[in-house]
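Structure first, then comments.
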Amino acid sequence: MVTSGNFWAFLSANLNHFLEYTSFGNFTIGHAVMIIVGLVLIYLAIAKEFEPMLLIPIGFGILLGNIPFWGAQNILVGDPGNMQIGINQSGSLLNYLYYGVSLGIFPPLIFLGLGAMIDFSTLISNPKLILIGAAAQLGIFGAYAAALAFGFQPGEAGAIGIIGGADGPTAIFVASKLAPGLIGAIAISAYTYMALVPVIQPPVMRLLTTNKERLIRMKPPRTVSKLEKILFPIIGMLFTCFIVPAGLPLLGMLFFGNLLKESTVTKRLADTVKGPLIDIVTILIGLTVGASMQATTFLTIATVQIFVLGAVSFLIATFGGVMFVKIMNLFLKEGNKMNPLIGNAGVSAMPDSARVSQAIGLEYDKTNHLLMHAMGPNVAGIIGSAVAAGVLLSFFF
Amino acid sequence: MVTSGNFWAFLSANLNHFLEYTSFGNFTIGHAVMIIVGLVLIYLAIAKEFEPMLLIPIGFGILLGNIPFWGAQNILVGDPGNMQIGINQSGSLLNYLYYGVSLGIFPPLIFLGLGAMIDFSTLISNPKLILIGAAAQLGIFGAYAAALAFGFQPGEAGAIGIIGGADGPTAIFVASKLAPGLIGAIAISAYTYMALVPVIQPPVMRLLTTNKERLIRMKPPRTVSKLEKILFPIIGMLFTCFIVPAGLPLLGMLFFGNLLKESTVTKRLADTVKGPLIDIVTILIGLTVGASMQATTFLTIATVQIFVLGAVSFLIATFGGVMFVKIMNLFLKEGNKMNPLIGNAGVSAMPDSARVSQAIGLEYDKTNHLLMHAMGPNVAGIIGSAVAAGVLLSFFF
Amino acid sequence: MVTSGNFWAFLSANLNHFLEYTSFGNFTIGHAVMIIVGLVLIYLAIAKEFEPMLLIPIGFGILLGNIPFWGAQNILVGDPGNMQIGINQSGSLLNYLYYGVSLGIFPPLIFLGLGAMIDFSTLISNPKLILIGAAAQLGIFGAYAAALAFGFQPGEAGAIGIIGGADGPTAIFVASKLAPGLIGAIAISAYTYMALVPVIQPPVMRLLTTNKERLIRMKPPRTVSKLEKILFPIIGMLFTCFIVPAGLPLLGMLFFGNLLKESTVTKRLADTVKGPLIDIVTILIGLTVGASMQATTFLTIATVQIFVLGAVSFLIATFGGVMFVKIMNLFLKEGNKMNPLIGNAGVSAMPDSARVSQAIGLEYDKTNHLLMHAMGPNVAGIIGSAVAAGVLLSFFF
Amino acid sequence: MMISTLLLTTAGARVPGKAAQEFSEKDPSGIAMIVIAMTVVFIALILLFLVFKYVARLYNIDARNRLRKSRPDIDFSDDEHIPGETLAAISLALHLYHEQMLGLEDAVITFKNAAKTYSPWSSKIYGLRRTPNR
Amino acid sequence: MMISTLLLTTAGARVPGKAAQEFSEKDPSGIAMIVIAMTVVFIALILLFLVFKYVARLYNIDARNRLRKSRPDIDFSDDEHIPGETLAAISLALHLYHEQMLGLEDAVITFKNAAKTYSPWSSKIYGLRRTPNR
Amino acid sequence: MMISTLLLTTAGARVPGKAAQEFSEKDPSGIAMIVIAMTVVFIALILLFLVFKYVARLYNIDARNRLRKSRPDIDFSDDEHIPGETLAAISLALHLYHEQMLGLEDAVITFKNAAKTYSPWSSKIYGLRRTPNR
Ligand code: NA
Ligand code: NA
Ligand code: NA
């Protein structure tokens, strides 16, 4: 036993020592800024309902990832100062969970569930719409060129460009392979602009279209047979993967999920992949992507540039989609022409961009419902950006 | 900047180069055949409803696994040509998911869910039926001997024999331990013959039974108490695992799932293992087993032999089950005799073989319902083949 | 072919040899005792409904873990005698599943689901109650001191003390980090005393309170706004993790789950984490913790000591909670005083200890319902012991 | 670029137990295997059979005794099979009924799916349920 | 104390394919990439377009022929778009209805949650449903 | 035969921090630990207590002010506890009701299980729902 006097000295020394372990002893301004970023995302998710399924996990993940702690620099297995707290420390919970992101496992699983949710009917009913989903990928490669001009490495530029695909899992997947350090910034940028689609797209759409074009009425889609719906995921997977095998993890899972749904004999499997499985993966991907966003890597010029490039890519993508419809109309005979106001929907950002088409369309003709027609390019845009992702991986991986 | 002339040359050279990356540049006849096999399985699953929960994932997995791509032979981590696409390439999605199969994790998890689905009541009510589930395992060891005669190694022969157990997860589990290279062929063979049970078994059953035997009426099963149902998985696990500890992963999980169900106090756990958990594992096991089936390993003489041996094992198993009932009848007094038409159900192939018993029984006596009696050997057959799997693992692992 | 005489000799030799592989050839008294322990737990779970969700998986896990088998000492990868059966053998199913426990992944996932189940309303409505949840942690550190006196190492003593937190996942998490060899004994001891809360707590509560105190009526809680409920998990996580970053895996996941619930915009995610996810993890954690309990490590003096220390910690914790309310009452003005019969609920052991408060309260005044007030300390106790766990990890990890 | 990958060993050729090696040499036709293996399978399931035969007997005696005590006026010796046959008929009926229900369920599902076709799910993982308030 | 950890390699800098290296050197502005990549994306989706255009035609011919055979009295040339427009209207209606339902669902959930507030769940993982019988 | 296995390191004895080592030597009885640890636990929860005490006050003031503005004719000073007590009673009632429901639910489940006993699930993983059309 220590003597009483010594004891109190020892006690206060140790309590003091404990304070060094607290976040207060390891706090920096960077932590504060990141925590505010996390809180803002949570606020937007709840109060404005901006992508709550993603921004709440990401926002809370940012909070978790920016709790300051002692020994953050000790990241190796068995390192004496490694307390297994931070996402970069071997043996920590967040570190284990993040392997789903860094190994590229979570995004394809989300695509599996997504495939089981998507209805490709309008696309099958009017296959021309598929091409709009190709045209809108101009945003990806336009942003790629812009990113090169900003001085990013080619692989990084590709990962940044994919923001223009308006598809979270695709962006995270490509970034995990080509630019692991930028995953956080790319994911946040992608989700931000997806949420801002109703703000970004309308001016571009109005600028590029004439009044006459905006009033074009499109033929209602025909009813699609069950056989066609079953053939679509099978043929879709074979054709797109044959052209771009590197897109297989995303395209394969997307179409597999869709086959589980459309076959109708595997309904319970489709229900599980679009239910518990996608929920669990969504939570873990959001939380860990958020936690990976640290002040040192996130509060950089690169992040600002990525946000600028994200805006560029969305603008170019919208431009590409709308202009492509106008060009196609030159070759289509009267009665088959398409309303260019559905061109923006090729970006995907489902289902917001299709709703933008509907809203702008109604502004000019109260009885011209474009929603259903815009759903076609909308789902085509998902395929299109997964193909584009495959192209980028082929070149730069 | 390159000069304009150079630019177009460079462009066409690179587009050309890109074509080398596509599947068209890496296509072989083997890929074509395998893709057709996959399409046929999907067709059978949807149009004929042959095991859709399994054949759709396996069929689509075969498609995924046979998308030709450049650099397929580069399978090591960090290998420059490893594009992380194929199931054999370290770092690819399919490669990670396949660990659930190759490490023997998925099949026991399916047994966990299966246990939570099975009702052992008829078996408990008439314990003699358990022995039919033992007799039908003759198919396994008969096919083992035949496989040895075909020149397979002992371990491989054991894995092939297990097809006669008519139980997919057991076959995949044993194959993953004893003959990893044959998993695909063994799984497809097992599921094929399970689907063909209504074709294979009736002739054997008719051949081996007399008209008098086919008309035997069995005592209706007594009501089984809750206590007996709870004791069954506990005692069942202890006794079978004590005899064959190597069967523990399968038997332990099967009986554990059943206890979760029968205890009634863990209903929500039983619901989850027979719901989302078994669904997720079913999807992943099917998809990856399918993707592991490549032309080079699947389109071989060995596969043809495995299909022949599969048929042999189902025939012997049916023979074993029916003959065993006839032999038991020699020792049973009038009124307790069993109808040998339920012997085929010992193969398991649940619930088809029990339905075959019912259907053939009704042919000879419109009021003699054998379905309930056949459910006993049916579930006993699952236990029997898991025990047989344990024996094979004890000898050859 | 061997000759007939040789054949039978060979056969009997091999059948004999096979018997050596059975459990009968490897049986010890330790196996028998452990199997009885497992059976008793299953009996208590089903017949007495003591924590069935946990004790059935743990009990059955003990049975699985104590099936004797040949070669149990061969645990390394590729070791010829490693049959991949036991939980300690590399490559076995149980060994793989146990990584969720030994790497500290499962307990935080359970906290995620738990957070999505908990309602912090009463706590928010009357924040004083939070402090009772702090006071009851005296049990943890009291048992720590007692364990030191018994001769345990400091880390082990901390892990044993956490039993007094009355929270299974916390106990397993701390034990996995500080005393992996004691996980089984600590888990069983924690669950035993949690089930015995209605037996242990009442005498202490009666001893420490006067009749006048037991009749104190508390103000009914006010209605809590949605905003407060949303702020609670965010602020709760930030404040507790800032003080004790080492508690982040538990506290972070607990509050994250709660935010998923309270935000209301991520209801489907909350439903999944408190449904299929927590079910799957509960099954796997229970089964493997059970299977890790072997005679050699469980049937020891240490286990007996751990049970004694567990009782000590529950008694001290109850003492701490009740006495703290009495002390607080000295500083509270009439009308705001708290009934010390809710002090015991600070131990958590949810919701049993709150029910004990209600039951004892009704004994003295048939109209004084304490249940709602006791729910506050009850949920505060979960936070309190996760904080205490963080303190222990900070000191001893 | 740094790519993380789980390291996996495909641990070199496992050496099967010596006994097993010998065994397959001495039993090239597999006959010994069939005899031994079937014996083991039967032993395992015969044990189960015996236990539950005995349990059932205990249970039957017990149940009858209890019934006799409570209703001493009824003869329980023979009519025991009547509830069983009824049970069988009911089970079969329920079974067939359930199969019909499956068909019905499919119809309901089809209807539900039709209604959901353009429901608000999102490619941004099904995230946004309503248009953001600009 | 022994702590198990999954070993992971962050396999050193991956070497991008030689062609890719060269490519980015020869195409610093990214123009070639845009042309090649958009070409490939279009090829992939044009293939899909062609297949389903053809499939649709087959299906339409087939459906009309069948209809003509069964109802030779009706002219199918023009009115084919009517069910389509109806379909669109119905879909939209269902869509809007579904959105309303979501609001309703929220209300129901709120009520349910209120009821469940003090339901018997357990910190010991939600285990115990009733007070043990002492 | 090639067997794949995940490689795991049971990384050798972790070295606890030097401070911790020293600490346990200087505090063999654990008293210092109790004092320090309980202090830390209390600091953490007192912080939470203070925040929510303050939030609650803000909220109360705010709520009352809003109510006063909208219904200036009513005195809000005292009757605030009435809805609270009602709430408590309702909660308890719902709680007890919910427990009863659990019992009821069990009965329903039992019935459902009975009906499902021979429903068409499959050992081939519950795959086949109908007999294949021969
Ligand atoms: Na897109
Ligand atoms: Na079988
Ligand atoms: Na506690």
Side-chain angles (χ1 to χ4, degrees), chain B residues 99-100 102-109 111-112 116 173 176-177 226-227 230-231 233-235 237-253 255-260 262-273 275-277 279-281 390-391 393-395 397, chain C residues 14 17-27 31 35 38-39 42-43 45-57 59-61 63-72 80 82-86 91-97 272 275-280 282-284 286-287 291:
Chain B
Y99 276 99
S102 57
L103 302 181
I105 295 170
F106 287 162
L109 292 181
F111 259 54
L112 178 60
F173 185 76
S176 75
K177 302 277 182 184
K226 190 187 155 188
L227 179 62
I230 291 173
L231 287 178
I234 297 170
I235 294 174
M237 189 281 281
L238 288 175
F239 277 44
T240 54
C241 287
F242 259 66
I243 302 289
V244 191
L248 190 142
L250 293 172
L251 292 163
M253 293 311 243
F255 287 119
F256 178 41
N258 194 245
L259 180 63
L260 288 179
E262 298 299 355
S263 80
T264 70
V265 288
T266 48
K267 188 194 165 331
R268 64 172 284 173
L269 301 183
D271 285 346
T272 293
V273 297
L277 181 63
D279 286 346
I280 292 171
V281 176
V391 175
L393 291 172
S394 304
F395 273 100
F397 186 65
Chain C
N14 265 285
H17 176 77
F18 191 87
L19 282 175
E20 287 172 31
Y21 276 102
T22 69
S23 296
F24 302 107
N26 299 279
F27 195 71
H31 291 109
I35 286 173
L39 292 174
I42 293 171
Y43 170 77
I46 297 177
K48 303 286 176 196
E49 293 209 30
F50 280 3
E51 307 280 352
M53 300 287 184
L54 284 151
L55 290 191
I56 286 181
F60 203 87
L63 300 186
L64 287 188
N66 287 281
I67 299 293
F69 58 92
W70 180 85
N82 176 352
M83 302 281 287
Q84 304 190 347
I85 298 170
S92 80
L93 174 73
L94 291 169
N95 188 269
Y96 288 126
L97 298 181
T272 293
L277 181 63
I278 203 173
D279 286 345
I280 292 171
T282 298
I283 289 165
L284 297 181
L287 193 74

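Remember, it's a predicted structure, so these values are computed and weren't measured experimentally. Letters A, B, ... are given to chains in the order of the sequence lines, protein chains preceding strands, and every chain is numbered from 1. Note: hydrogens, waters and symmetry copies are ignored here, and every other heavy atom, side chains too, is used.
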key: Residue part contacting chain C, namely of I243(B), when any heavy atom lies under 4.5 Å   = both

task = Sort P249(B) into side chain, backbone, both or neither according to what part of it lies under 4.5 angstrom from a heavy atom of chain C.
result = both

request  = Look at L284(C), I85(C), I35(C), N26(C) and state which one has the largest set of heavy-atom pairs under 4.5 Å with chain B.
outcome  = I85(C)

ask   = In terms of heavy-atom pairs under 4.5 Å with chain B, which of P276(C), S23(C), S92(C) leads?
value = S23(C)

F60(C): partners by ring-ring contact (aromatic ring centres under 6.0 Å, His included), with sequence neighbours left out = F256(B)

ask   = So which heavy atom on L93(C) is nearest to which on P108(B), and how close?
value = CD2-CB, 3.5 Å

ask   = Do you know the tightest heavy-atom contact between S263(B) and I46(C)?
value = CB-CD1, 3.7 Å

task = Return the option, out of L109(B), D271(B), V391(B), with the maximum number of heavy-atom pairs under 4.5 Å with chain C.
result = V391(B)

Drop me the distance from [X]'s [atom1] to [Y]'s [atom2], to the nearest 0.5 angstrom.
X	Y	atom1	atom2	answer
T240(B)	I67(C)	OG1	CD1	8.0 Å
T266(B)	L55(C)	OG1	CG	11.5 Å
L269(B)	L54(C)	CG	CG	8.5 Å
L63(C)	L248(B)	CG	CG	10.5 Å
L277(C)	L277(B)	CG	CG	11.0 Å
N66(C)	C241(B)	CG	SG	12.5 Å

inquiry  = Taking side chain as everything from C-beta outward and backbone as N, CA, C, O, which of these in L94(C) sits under 4.5 Å from a heavy atom of chain B? Side chain, backbone, both or neither.
reply    = side chain

Side-chain heavy atoms of [X] within contact of [Y], under 4.5 Å:
X	Y	answer
T272(B)	I278(C)	no
L393(B)	Q84(C)	no
I42(C)	L259(B)	yes
V265(B)	M53(C)	no
F27(C)	F242(B)	yes
I283(C)	L260(B)	yes

